[in-house]
Structures are given as structure tokens and as C-alpha cells.
Number of protein chains: 2
Amino acid sequence: MPATVQSIERAAAILRLLGGGSRHLPLGEIAHSLDLAKGTTHGILRTLQHVGFVEQDRVSGHYQLGAGLVRPGAGYLDPNELRSHAINWADPLAARTGEAVRVGTVLDGRVLVVHHVFRPDDTFQTLDVGTLLPIHATALGKVLLAYRSAGVAPPADLDRFTRRTVRTPHGLAAEVVRVRDAGWGYEVEEMTPGNASVAAPIRGPGGLVVGAVGTSGLVERICDRRYHPHPHLVALVRETARAISRELGDGRH
Amino acid sequence: MPATVQSIERAAAILRLLGGGSRHLPLGEIAHSLDLAKGTTHGILRTLQHVGFVEQDRVSGHYQLGAGLVRPGAGYLDPNELRSHAINWADPLAARTGEAVRVGTVLDGRVLVVHHVFRPDDTFQTLDVGTLLPIHATALGKVLLAYRSAGVAPPADLDRFTRRTVRTPHGLAAEVVRVRDAGWGYEVEEMTPGNASVAAPIRGPGGLVVGAVGTSGLVERICDRRYHPHPHLVALVRETARAISRELGDGRH
DNA sequence: ATCAATGTTCGGTAATGCCGAACGGCCGTC
DNA sequence: GACGGCCGTTCGGCATTACCGAACATTGAT
């Protein structure tokens, strides 16, 4: 069994320690029990806290197991937090692209819209925050499906909305690998005739995909003549996704 | 929130991914979802498997959540495994010290003897594997208490066995800090008149204390004139503990 | 028989996380 | 009222760490 990641072993040991007894220990005690330096222990605990595995008592400062260990269905990022972080970046994206922007996450096999910025013109539009979108016919959904963020209900019923809606599970699987290879996804008239959309994944701590952000609008404005999204539009969407990811704690970008 | 341990974040993300859906994913899929190299992902998974957080399906090779996540009270090392690893080292210790050797772990606030090697002479001795020893009057117990291995029931009832048995919680606390500073523990006639014992902690992956090993015998053979254990005896016990720890996956030694 | 999956290993390198000392706050004691 | 211990936290420096990517061994499907 050559080479294990000792940082993770230590984290696991801390979790075990917290789970196996007092479930309410001061940092010094943990460090001493595991024969680690206080600073080291603090770093590990900070990380565990960040991902929701441990919580810290505000008054005593002691550490205890967090709610995130057993999974109550949802990912460790609740929709509210996703929304509050995405909100600062969605507006600029809408302004620069001139299109509507939506932020979504997976809920029960569908796409829950957690934020929506109107297209910056005067036309009448309906706010669809809270709406559940199909996962196989939207750019947001394809992206979320590709990275298996959370709920991952394998789509059983592929409702057909337009002539272009992906019908077969096989075709959907092909789409998924496309998204994965490219790092972003799109859709043209698969949900609504005359409409197209582009989306990119939002990553949380550790690189886990926790949501997606994208624009949607009239086909002739989103795509070029060959029905491919404009490259600069794709770039803008991806940059926005990376910015939000950075804010959510994804280190790499 | 400056600087988090990204290796742990990644591990957490993997756990979330496994917990949130298919609960049965191949390595490549995990790596792809988190945008990590296969090798990296494998290392993390190997570690998580080592600590019991994930398991691997033997036939398909796929990974899924392990039983160790929810804590069924016990530590992630079951007594049988502790015993099977300790057994190779307990015999030599008995041979070199000429005394009886016992290996124990915490069970429900007491010391469960998981292995016992007789003193290598012809005198009659009773096998006490399976016996539950008091935690406050044995060297094994003091060591286990000091490092809070698992059950950590704070001793409510301090049974008094001999004149020397530690009576007050206060005195016991003092003993605990002594053990922690020294890295080993002992006891002289606190359990049985004429008997003394020495013990050292056994650490599992991550440095978590999962058990203890020690010798016990007549006071005049264990201790010097001032009722302190012979240094070379202490050294032997500690070396044995370290050897077992190494075998159990504690990297440092 | 080929191809595409799977999981696994290995070596080189830069980034990584570890350490230990110093800091600031809080509470009990003297 | 001032001190001392304990709490958690921060920071800089160094060496270890764990990451990456490519190559490998197997298996199963085409």
C-alpha cells in the first residue's frame, strides 16, 4: 500500500476523534491527542470547517462534528450561498453580453434556477427564479449533468419540447462527453424555438461542481451562421463561472 | 479565510460526490468530474479507503462510500485487526522482558483486553482476553484515557482497589497530563497489591490512538527502588508500541 | 483481434502543507 | 487591578509533500 496522503489521514483521525466521544473538543486537546502542532491542526480544522464536516462553537471556540457529514441529500453548498456569491458576477455578465443570465443548481434531477438577471432591454420578461428546468434540454442542465454535481437522477423521462430536443439517452451521453471535454455546454432550440443558451460549471471547494451559470437569448444573437455560439460569448460565460468558483473556494483558478 | 488544505478539500469533494447520487462511481468519472488527474484521484481514494471512508467493489473496481463514515461508536480499527497486527510484536516483547504482555483498547469506558501473552515461566496464569479492566487503575487504561482514543466515557465511578488506587478525578487528570507529556504511562499497586504495569499508546493512521500495549508483573521486577519503572523496560514497551503503530499505518515513526 | 474501458504504478518537480514561535483575547486567580 | 494560563489564530521559512502525466496491467465489449 505505497504512499497514502497523510494530510487526509490526519483529517480522518480528527473526525474520528470528534465522533468518538466528547464530540466537543478544544483545538489544543485535538493537537495533543494526535501529536500534531497546533498550527497544523488548526489548518486541517479550518479546512474541515470550510467543507462543513466540523463546526465551531462560537462562544467556546471548541470544535465538533458538523451537519455536512451525513448527506441530507443536498450538496454542502446550499442554494442561498450559491446565489449570494453569484449575484455579483451575474449582473456584469448580463451587461457585457446584452443577454439574460441564469444561475442554477441541481434539485431532484432537474435544474433549479436560483438567480435570474433580465436581458438589459425593455422587453417584457418573466422572472423565473425558483423555476425547475429540464436537465436535458438546457445548457445549464447539460453542464450540471456532465459533472454530476449532486442529485444526479439519471434522466428517465426525456420530454420532447421542440424538433431539436435530444431524444435518446445515447445522444444525451454524447452531449455529456462533449461538455466534459470542452468545459462548457450549449443548446440551440432544444427547449424553446428561436432560443439558444450557453453555460459553464461553477465549482466549489475541492473542485466539486455545485452549480452552473449561463446566458440565453435569441438564436441569431447567441450563435453564428453555423449555429455555434460566438466564441467571445463562451469566453465571457466561462470567465464568469471561474470568478464565482474562485469566490466559492475553488483554489485552482 | 487564508489558506486551506486543498488535499482535504478534494477528499471532501469526492465524498460528497459519492454520497450525492450514484454512490457507485468509477475512478475515471470521479477524476473527470473534479478535473483532477487520475493518479491524484487514485491516491486520495486509496487514503480514504485506508481510513474506511470509502470502499471498493472488488469485481467492478468502482468506489462507494464506506461504513466508517457514520460512526458506529467504535473507532475505524476493529479489535480483531488490532489484535492481528499486535500479535507479532507482543511475543518478542514478552520474551525480552520476561513479563506478561497485554494489548487493549477502549470499550464503553473500560479497557478491553484483546491480546494476552503469558509471562514466560511455568507459573499458573489465567488468560484474560476479553476481560474488561478499569480505566483508571491500569497502565493501559491511563494511556488510553490520556489520548482519548475512542469511547472516552469520562470515568464517573472510580472504584478503589488498593490503598494506592487513584481516587479523585483531580488526581486522575494529573496522571493524564503526565502520560501525555511522557508518551507512556505506568501504575504501581493501584489495581493489585504487589503488581505494577507499564504501557504505551498504539497509533493508527493519522496518529489517532487506537489501543495500547504494556507489560505487567511483580513490583520488584518492574520497578526500581524508588518505585519507578526500569528505563530499559519502558524503552522496550515504547518500541513495541511504535512497531505496531507503524504496521497499522502511522507514518511518522 | 482490436479497442476502449477499468484501476494501478512510477519518477520528477514545484508547489504544498507542515512546523514552531509569536500574537491577541478571554477568563480565572492572586 | 494586574497577572498568568489557556483559548484560537497568524505568519514566515524550509523541506516534505502530494501532485501531475504518461506508461502499465487487466478486463470486457465490439
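These numbers come from the heavy atoms of this one structure, side chains and all, not from hydrogens, waters or symmetry mates. Quick note on labels: first sequence line is chain A, next is B, and so on, each numbered from 1.
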Can you pull every protein N or O that's under 3.5 Å from an N or O on nucleotides 28-30 of chain C?
none

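- Base engagement by B:Gly39 is indicated by at least one non-hydrogen atom pair under 4.0 Å involving a base atom.
- A straight line from CZ of B:Arg180 to C1' of D:dC6 spans 13 Å, rounded to a whole angstrom.
- Of the candidates C:dC18, D:dC20, D:dT9, the closest approach to any side-chain atom of B:Leu36 belongs to D:dC20.
- Remark: B:His42 is in phosphate contact with C:dT8, judged by side-chain N or O atoms under 4.0 Å from OP1 or OP2.
- Side-chain to base pairing of B:Lys38 with D:dG21: no donor and acceptor N or O lie closer than 3.5 Å to each other.
- A:His32 places its NE2 atom 14 Å from the C1' atom of D:dC6, with the value rounded to the nearest Å.
- Among C:dC18, D:dG8, D:dC20, the nucleotide with an atom closest to any side-chain atom of A:Arg10 is C:dC18.
- The interatomic distance linking A:Ile44 (CD1) with C:dT16 (C1') rounds to 13 Å, in whole Å.
- Under the 4.5 Å side-chain criterion, counting only non-hydrogen atoms from C-beta, A:Met191 is not in contact with A:Ser197.
- If you check every strand for non-hydrogen atoms under 4.0 Å, A:Thr40 touches a base.
- Both tests do not hold together for A:Arg178 against A:Tyr186: distance to the six-membered ring centre under 6.0 Å, angle to the ring axis within 45°.
- The side-chain hydrogen bond (donor to acceptor under 3.5 Å, both in side chains) search around B:Glu239 returns none, not counting sequence neighbours.
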Let's test your reading of the pairing rules: Watson-Crick or G-U wobble, both distances under 3.5 Å, then write DNA chain C as a dot-bracket string with ( ), [ ], | and dots. ||||||||||||||.||||||||.|||.||
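- Taking the nucleotide of DNA chain D with the nearest heavy atom to each of A:Pro26 and A:Val5, the more 5' of the two is matched to A:Pro26.
- Paired with A:Glu190 under the rule side chain to side chain donor-acceptor pair (under 3.5 Å), one option of A:Arg164, A:Arg160, A:Lys142 passes, and it is A:Lys142.
- Shortest non-hydrogen contact noted between A:Ala139 and A:Gly185 is CB-O, 3.8 Å.
- Closest approach to the A:Tyr63 side chain among C:dC18, D:dC19, D:dT9 is made by D:dT9 (side chain taken as heavy atoms from C-beta onward).
- With sequence neighbours excluded, no residue satisfies side-chain hydrogen bond (donor to acceptor under 3.5 Å, both in side chains) with B:Gln49.
- With sequence neighbours left out, the ring pair (Phe, Tyr, Trp, His ring centres under 6.0 Å) criterion links A:His62 to A:His24.
- Looking at A:Trp89 and A:Ile244, their side chains come closer than 4.5 Å, going by heavy atoms from C-beta outward.
- Comparing atom distances between the A:Leu27 side chain and each of C:dT6, D:dT9, D:dC19 picks out D:dT9 as nearest.
- D:dC7 atom P lies 14 Å from atom CG of A:Leu45, rounded to whole Å.
- Taking atom CD1 of residue B:Ile8 and atom P of nucleotide C:dT16, one finds them 14 Å apart after rounding to whole Å.
- Between the P atom of D:dG8 and the CD atom of A:Gln64 lies a distance of 13 Å, rounded to the nearest Å.
- B:Glu187 pairs by the salt bridge (charged side-chain N to carboxylate O under 4.0 Å, His left out) definition with nothing, not counting sequence neighbours.
- Residues B:Thr47 and A:Glu9 bring no donor and acceptor atom of their side chains to less than 3.5 Å of each other.
- Proximity of B:Arg46 to the phosphate of C:dT9: a side-chain N or O atom is located under 4.0 Å from OP1 or OP2.
- We find that NE2 of B:His62 is positioned 13 Å from P of C:dA5, with the value rounded to whole Å.
- Out of D:dG8, C:dC18, C:dT8, the shortest distance to the side chain of A:Gln56 is found at D:dG8.
- The nearest whole Å value for the distance from the NE2 atom in A:His24 to the C1' atom in D:dG8 is 14 Å.
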